[in-house]
Structures are given as structure tokens and as C-alpha cells.
Amino acid sequence: MIGWHEKMCIDHGGLDADHREQHELIRRFVAAPPLDEERDPALSYLYALRIASKRHFAREEAVHRAVRYPEAREHADQHRRLLAMLDDIIQQIEQRDSPFQYGYLKGKADEVLQFWFLDHLARDDLKLKKYVLRPVRA
Ligand SMILES: [Fe+2]
Ligand SMILES: [Fe+2]
């Protein structure tokens, strides 16, 4: 997992704190050993990521409304797709009678989750920066 970088910051406040939390949970999941006996602790990171992401997406969408962000609808659709993808990953890893071994599933999840987070941050979230930092007019 690539480390947190100053360039990933948006508001030096709540959004950044949420992104750092998501980043840290994914980093911990990726760092967990791909062994079956480690499946439950690894899943707990994903459950925490789902809770943190739902809360974060709601917060980010509230910021969109506050700054009248022009791409709010597309961005919210993207959030819904991200949550569906995360649910899919969790379901696959929860399935203990899967024909695929846990180590294989985790390897795929490691790759997908890093992309899941970094691609959305780079392509969508960072566009918010110029709206958030703009002085608010009365
Ligand atoms: Fe977003
Ligand atoms: Fe975000």
C-alpha cells in the first residue's frame, strides 16, 4: 500500500481524517497474513472500513451540497458503486466453503481495495479541493 501523502489532503479537517482512516484500514488488511486462521481479524478491518466509508461518503456528500459542487450526483453514484464493490469483496471473503482458497481471494482483495481507494481519491475526491478551499461568500 502506498503511504499517505500530503498531496492526498483536501480540507485539512474531517475529510482528510476520514481518508486517513480508510487508508489505514486498507493498509492493515493488506498487511494481514494470507492464512486461513487470520481470516477473521482481516475481515474485521473490512467491516470497520464499511462503517467508516458509509459515514465518510455521507460527510463528503454533505460537503458537496454545502459548496454546491457541480458533479455531486455523479460522485454520489460512484460512492454507491464503491459500497457495492466493498460488499462484494466482504461476501467473497466471508464464504468459507468457497472453491477458492482464502489466500487467493485475499490476494485479489488486496489489489482491488488499494485501487478502490486510491483511484476514487485521485480521480474524484481531489477535484473537491478547489471548492473546499474557496472562501465562502455571505
Ligand atoms: Fe468521494
Ligand atoms: Fe472521499
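Read the numbers this way: they start at 1 and go in the same order the structure lists the ligands and their atoms.
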Peer 1: Output side-chain donor-acceptor pairs under 3.5 Å for residues 95-102, partner residues at least two apart or in another chain, one line each.
Peer 2:
unit_1	atom_1	unit_2	atom_2	d
R96	NH2	D40	OD1	2.6
S98	OG	F100	N	3.0
S98	OG	F100	O	3.4

Peer 1: Looking at I93, L86, D88, which hits side-chain contact (heavy atoms from CB on, under 4.5 Å) with I90?
Peer 2: L86

Peer 1: Would you give the angle at the Fe ion (ligand 2) between E60 atom OE2 and D125 atom OD2, to the nearest 10°?
Peer 2: 100°

Peer 1: If I consider every N, O or S atom in H120, which one ends up closest to the Fe ion (ligand 1)? I only need its name.
Peer 2: NE2

Peer 1: Taking 4.0 angstrom as the limit, do R55 and E60 come out as a salt bridge?
Peer 2: no

Peer 1: Does H56 put an N, O or S atom under 2.8 Å from the Fe ion (ligand 2)?
Peer 2: yes

Peer 1: Of the backbone and side-chain N, O or S atoms of H19, does one lie nearer to the Fe ion (ligand 2) than 2.8 Å?
Peer 2: yes

Peer 1: Determine which of the N, O or S atoms in H79 is closest to the Fe ion (ligand 1) and give its atom name.
Peer 2: NE2

Peer 1: Decide whether H120 and H79 meet the rule of one side-chain donor and one side-chain acceptor closer than 3.5 Å.
Peer 2: yes

Peer 1: For Y47 and E94, run side chain to side chain donor-acceptor pair (under 3.5 Å): C-alpha distance rounded to whole Å, both residues' side-chain angles, the deciding distance at 0.1 Å, then the answer.
Peer 2: CA-CA 11 Å; Y47 296 144; E94 280 174 334; 2.6 Å; yes

